[in-house]
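To find a chain, count down the sequence lines: A is the first, B the second, and so on, and within it residues start at 1.
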Amino acid sequence: MSIYDTLNKEQKAAVLQTEGPVLLLAGAGSGKTRVLTHRIAYLIDEMGVNPWNILAITFTNKAAGEMRERVDKLVSFGAGQVWVSTFHSACLRILRQHIDRLGYGNSFTIYDTDDQKTVMKNVAKRLNLDPKMYRERALLSEISSAKNELISVSEYEKEAAVDFGKSVYAKVYREYQETLQANNALDFDDIICKTVELFRQCPDVLDSYQERFQYIMVDEYQDTNTAQFELVRRLADKYRNLCVVGDDDQSIYKFRGANIRNILDFEKYFPEAVAIKLEQNYRSTQFILNAANAVIHNNEGRKEKALWTNRTGGHKVLFRQFDSAYEEAEYIAADILHRTQKEGSAYKDYAVLFRTNAQARLLEERMIMEGIPYNVVGGTNFYSRMEIKDILAYLKTIDSGRDDVAVRRIVNVPKRGIGNATLEKLEDYAQLRGIGLYEAMEHEDEIMGLGKTAAKIVPFVRLIQGFRRECPQLEFPELIRRIVELTGYGEYLQDYDEESAEDRMANVDELVTKAAGYAQEHPEASLTDFLSEVALVADIDKVDGDDDRVLLMTLHSAKGLEFPAVYLAGMEEGLFPSYMSANSADISDLEEERRLAYVGITRAMDDLILTCARTRMIRGETQYNAVSRFVQEIPEEILEGGTSRRRKVQSPPAGDGAFRKHPESEVPMDKGAGAGGGGTPPFGRPKAIVRPTATAKADKPFIAKGIGSLNRLAGISKGGAYQAPQELSYAVGDRVFHVKYGDGNVVSIEKEPRDYKVTVSFDKAGQKIMYASFAKLKRL
DNA sequence: TTTTACTTCGTTTTT
DNA sequence: CGAAGTAAAA
C-alpha cells in the first residue's frame, strides 16, 4: 500500500494530475495541504521530477515551514531542494539577485507601514498638500492599490490626464516612488511588482526562472492580487504546470488588493485547466459544518460547493450573550479552565478569535487572572516596536546609510541635540548635492549656517564609522549589543519612560537572541540578509505548535489553522460585521465579512462557542450592540444557549448546567428586539460600566506587552534565550572550537555586567570578538 | 530647540 | 481611551 492510498478519490486525482494547469477548489478542512504535500512527493518520487524544479508558494512563513516539514517526511530524498516560501520571500530572493537591472542597489532596504507613513508625510509636505484633504493613509492606499494592479507611475499619470481627480495622486505617486528609489528602498507592494517588472524587462532572467520552476503550486490562491497572479502566470508560462489551490469562500483579503476573480476566472486564463473540487471535510462535526454552510449560503456570486462530513455526533454550536465585554471575557476564560479540567484537554486545544485586535486586551487580562497560559498573535508586530525599530535603523545605517528614513530615525535617538532645524538644513544640502542624509552629515563642515550644531553631528558620524569598522569582526548579536552600549540606549529607554524601560530592554535582548539564532542557522548571511528576513516575519510565524497555550488572535490570523475548540468573541452588529462593512454601499464588503465569519466557524473541529456582549467600550465610549446577523443566520436547531443576565460568572456550571437545560426559558437571541439591526444606541445611556478599580489596578502591571514579556512573566524562556554563564570553561590561551569558525586561540576575556566578551583568534577566520553566551565555544 | 499641555480624531483586517 | 499632532512655554 502506498502513501497515496490514504487519499480520497478527488484528492488522489489532484495528486496524479501533475501536468498542465490545475484548479483545485478546496473547501475548508478538505485536506488541501495534504494534497499539496503528497503532490510534491509524487512529483519527486514517482515522476522523477528534480526537487530543484518545484516551487510551492504559501501564505505565511509558518505555513511554508509546516509544508516543508511534511514534505521532508514524505519524500525519500532531496526535499530540501524544493522552494517552499511565501510570495514575498520568494520575490525578495529573486530581487536580491537581479534588482540592479532595474536601477536599484541589490542591498535595498524594505519599508514597513511605519516607514511608508514617514515617507508619505515628507512627500505631502514637499507637495504642499493639505493634510486634512489628503490623509497619508488614503494616499498610501491609493498607491498600494495601483501597485497591486501593476499600474506604474507613468501609466497612472496617463490615467490622471483623463481623470482630473487623480492628478494629485499621480504627483504623490511619482514623488513617493522617487523618494523610495533615492533611499534604495522597496515597500511591501514593490517586492511583488518590481519582480514582475523585472520579468517583463529582462526576458533572460524570466527564462532562467521558468526553467528553474517547472512545477509551481500556489496555496490560498483566493487571496492573491493581480500582481501576484501576473507573477505566477509569467513564471508558469513556459511549462504551464501550475496548480492553484483555493476556496473563494475564504477570500478575506480584498482590502489588501486580493482579487477574487483570479480564482473565479482561472479557467479563462488557462482554458486547458483541469478543475477538481474537494468537498469532503475532515475537520469539523456536522453541526459546525452546517452552521458554516448556513452562514456562507447568504452570499451571492460564489462557486457553489457542498461541504460534507461523515463525522456524526458532536455538540451543537453554543451561543451566549453577556451584559458587558468584561463578562464575556470572564466567561471565556472560566470556561476554558473548566473544560481543560473536566476533559483533561490541553490549553493549545483552544483558540479565541475576534474581529479586531483591540478585543485582545480584555481577554488577555482575564487569562492572566485565571492563570491560563496564552499567546496573543498579532497586534503590534515585534519588529514594529519602537525600541526594535531604533536598533534596526542603526543596523540599516551601518549596513548602507542610503536609507534616509532610518538615519532620520536615529540621528537624535538618544538625544544628541540635533533637532528639526538642523535636519532641515542637512536635507536641503543633501537635496542640492543629490546625496543622502548621512552622506550630507559626513560633509558637515561644508554646510553653511549650521553654526555650533555642526559640532554635534561629528560624534554621530564617528559613531557610525566606528560601527562600520567593527562590523566585519562582530557577529550580529554582538553588534547589536555594541550599539546599545555605545549609544547609551539603555539609559535612553530609562529616560524615555521609566515604567516601560525594562520591558523594552527585554525586547532588545530578544532581538539579540533572534539575531544569534539567525546567525547560527545562516552562517553565510550578511547584515542585509538579516534585515530583510526580519522585515518579512508575520506574527503568526512565531507561534510554536508545541507550546501548550490558548491562542488569542484575529480571524484573519486564524486562517489556515484548526483547533478542537474555538470561541468566536464579539459576535455583535457594528463589530462583526464591522460598522464600516455593514453600512457600506457595496454589498461585497458585507460579503467579505461573512466569508470571515465562515473562516472563523470552520476553524473549529469539535466545539464552537459564539459569544457577544450587550455593551462594549469602544474608543472610550460605551456602545450598545445587537447580536450579529451572522449568529442569526445559523439555524436555531443547531444553536444552543441564550443570554445570561447574571452579573458574574463565578465558574461555569458543571456538565449540562442550568442555562443549557432550559434554553427555551430564556430569550435565545435579540431577534427583532431592541432598537433594530442598525445598532442605534438608546438615549439616556447609563454611565460606562466600570469594574471595581481595585481589580483594574491590581492586574495592570501584569498586562504583558508581547510574547517575549509573557514568557518572562511565566518564567519560561524559549529555546535559545540567553543565559549569562557563571563561569567559563576556557581561559586566555586555551584552544577552543566554534561551530562556524572552527578552531582558534582565546586572546582575551573581558567581564561585562551581563556576559563575557571573548576575543578569539581563529586559525582560518581570523580574529573575532564575541559574547560567551552566544558563541558556545568549546575548549579543546 | 526642546519640552509641555492641549486638542483632535479614529482601525476592522496584514504580507 | 489613546496616539498623534499642534501651539505655546521654557
Query raised in the report: Can you tell me if Asn299(A) and Tyr598(A) form a side-chain donor-acceptor pair at under 3.5 Å?
Result: no
Query raised in the report: Rounded to whole angstrom units, what separation is found between the CG atom of Leu231(A) and the P atom of dT15(B)?
Result: 19 Å
Query raised in the report: Is it true that the side chains of Ser581(A) and Asp589(A) contain a donor and an acceptor less than 3.5 Å apart?
Result: no
Requested in this report: Looking at every strand, decide which applies to Ile57(A) at a 4.0 Å heavy-atom threshold: base, sugar-phosphate, or nothing.
Outcome: nothing
Query - Phosphate OP1/OP2 of dT3(B) contacted by Lys415(A) side-chain N/O (<4.0 Å) - result: yes
Query raised in the report: What's the closest nucleotide to the Phe188(A) side chain, out of dT2(B), dT13(B), dT15(B)?
Result: dT15(B)
Report task. For the residue pair Asn507(A) and Glu387(A), confirm or rule out a side-chain donor-acceptor distance under 3.5 Å. Result -> yes
Requested in this report: Ignoring the backbone of His88(A), work out which of dT13(B), dG2(C), dT15(B) is nearest its side chain.
Outcome: dT15(B)
Query raised in the report: Within this structure, what is the CE-to-C1' distance between Met580(A) and dT11(B), rounded to whole angstrom?
Result: 8 Å
Requested in this report: Verify the contact: side-chain N or O of Lys121(A) to OP1 or OP2 of dG5(C), cut-off strictly under 4.0 Å; return yes or no.
Outcome: yes
Query - Among dG10(B), dT1(B), dT14(B), the nucleotide that comes nearest once only the side chain of Arg135(A) is considered - result: dG10(B)
Report task. Give the nucleotide from the list dT14(B), dT2(B), dT11(B) with an atom nearest to the side chain of Thr554(A). Result -> dT14(B)
**Report entry** SB check Glu591(A) Arg302(A) (cutoff 4.0 Å)
**Finding:** no
Query raised in the report: Are Asp323(A) and Arg614(A) ion-paired here, with the side-chain N under 4.0 Å from a carboxylate O?
Result: yes
Query - Whole angstrom value for the distance that separates P of dT13(B) from CG of Leu555(A) - result: 11 Å
Query raised in the report: Among the nucleotides dT13(B), dG5(C), dT15(B), which one has an atom lying closest to any side-chain atom of Thr86(A)?
Result: dT15(B)
Query raised in the report: Which dot-bracket notation, 5' to 3', represents the base pairing of DNA chain B when pairs are defined as Watson-Crick or G-U with both distances under 3.5 Å, crossing pairs as [ ], and inter-strand pairs as |?
Result: ||||||||||.....
Query raised in the report: Do Lys32(A) and Asp247(A) sit within salt-bridge range, that is, some charged N less than 4.0 Å from a carboxylate O?
Result: no
Query raised in the report: What nucleotide among dG10(B), dT11(B), dT13(B) has an atom nearest to a side-chain atom of Arg619(A)?
Result: dG10(B)
Query raised in the report: Taking the side chain of Thr60(A) as its heavy atoms from C-beta onward, which of dT1(B), dT15(B), dT14(B) lies nearest to it?
Result: dT15(B)
Query raised in the report: Counting any heavy atom closer than 4.0 Å, what does Tyr253(A) reach on the DNA or RNA strands: base, sugar-phosphate only, or nothing?
Result: sugar-phosphate
Query raised in the report: Does the side chain of Thr86(A) pick up a donor-acceptor pair with the side chain of Ser89(A) at under 3.5 Å?
Result: yes
Query raised in the report: Would you say a side-chain N or O of Ser557(A) is under 4.0 Å from OP1 or OP2 of dT14(B)?
Result: yes
**Report entry** Minimum-distance nucleotide (side-chain atoms of His556(A) versus dT11(B), dT14(B), dT15(B))
**Finding:** dT14(B)
Query raised in the report: So what does Phe576(A) touch, heavy atoms closer than 4.0 Å: a base, only the sugar-phosphate, or nothing?
Result: nothing
Query - Length of the line joining Leu362(A):CG and dG2(C):P, which is rounded to integer Å - result: 12 Å
Report summary line: Rounded to the nearest 0.5 Å, the CD1 atom of Ile110(A) sits from the CD atom of Glu533(A) at a distance of 10.0 Å
Requested in this report: Ignoring backbone atoms, establish whether Asn357(A) has a side-chain N or O less than 4.0 Å from OP1 or OP2 of dT14(B).
Outcome: yes
Query raised in the report: Which pair of heavy atoms, one from Gly570(A) and one from Leu575(A), lies closest together, and at what distance?
Result: O-CD2, 3.6 Å
Report task. Quick one: label Lys117(A) by what it contacts on the DNA or RNA (base, sugar-phosphate, nothing), any heavy atom closer than 4.0 Å. Result -> nothing
Report task. Could you work out which one of dT1(B), dT11(B), dT15(B) sits closest to the side chain of Thr422(A)? Result -> dT1(B)
Query raised in the report: Which part of the nucleic acid, if any, lies within reach of Ser578(A) when heavy atoms closer than 4.0 Å are counted: base, sugar-phosphate only, or nothing?
Result: base
**Report entry** Met617(A) CE - dT11(B) C1' separation (whole Å)
**Finding:** 17 Å
Report task. May I ask you to say what Asp189(A) touches in the nucleic acid, namely base, sugar-phosphate or nothing, with a heavy-atom cut-off under 4.0 Å? Result -> nothing
Query raised in the report: Looking for any heavy atom pair under 4.0 Å, which part of the strands does Glu592(A) touch: base, sugar-phosphate only, or nothing?
Result: nothing
Query raised in the report: Which residue lies toward the 5' end of DNA chain B, Asn412(A) or Ser581(A), if each is placed at its nearest nucleotide?
Result: Asn412(A)
